[in-house]
Amino acid sequence: MATCVAVMNNGFLRLDTVSPPDTCAYLLVSSADYAANLNVNALFSTYFDFDAALSATLLGAFLLSFVSGHVLGKILAGLRRV
C-alpha cells in the first residue's frame with residue numbers, strides 16, 4: 001500500500017495522511033509492492049534500447065577520424081624530412 005510522504009523544511013519526512021496517493025509528490029511503498037510493480041524488461045527496453053543507425057554513424061565517424069589521422073600523420077612526417 002502506498003502512503004504519501006511530505007518533505008518538511010528541515011529535510012525530514014512526514015507521513016501525509018490527508019492527501020490522496022494520486023496527488024502527492026512522493027510515495028512510500030512497501031518492498032512487496034515495489035517488487036510486484038518493477039518490470040525490468042520494460043526499463044531496459046526504454047532506456048537502453050540499441051539504435052543501429054546511431055551505432056553505424058558513430059562507427060563511421062570513428063573509422064574516418066582514425067584513417068584521416070593516420071594519413072595526415074604520414075603526410076606531416078614526409079614533409080618534415082624534406
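All figures in this text were calculated on a predicted structure; none of them were measured in a lab.
- Rounding to the nearest 0.5 Å places CG of L72 at 12.0 Å from OG of S65.
- Residues F12 and Y26 are members of separate hydrophobic clusters, defined by side-chain heavy-atom contacts under 4.5 angstrom among Ile, Leu, Val, Met, Phe, Trp and Tyr.
- By the criterion of side-chain heavy atoms lying less than 4.5 angstrom apart, applied directly or through intervening Ile, Leu, Val, Met, Phe, Trp or Tyr residues, L13 is grouped together with L15 in one hydrophobic cluster.
- Remark: side-chain polar atoms of S55 are not paired, donor with acceptor, to backbone N or O of D51 under 3.5 angstrom.
- L59 and F66 are not part of a single hydrophobic cluster, where members link through side-chain heavy atoms under 4.5 Å apart.
- The distance from atom CG of L28 to atom CG of D16, rounded to the nearest 0.5 Å, is 12.0 Å.
- Open room surrounds CG on N9; 12 or fewer heavy atoms of other groups in view lie less than 6.0 Å from it.
- Looking at heavy atoms from C-beta onward, L27 lies out of side-chain contact with V5 at the 4.5 angstrom threshold.
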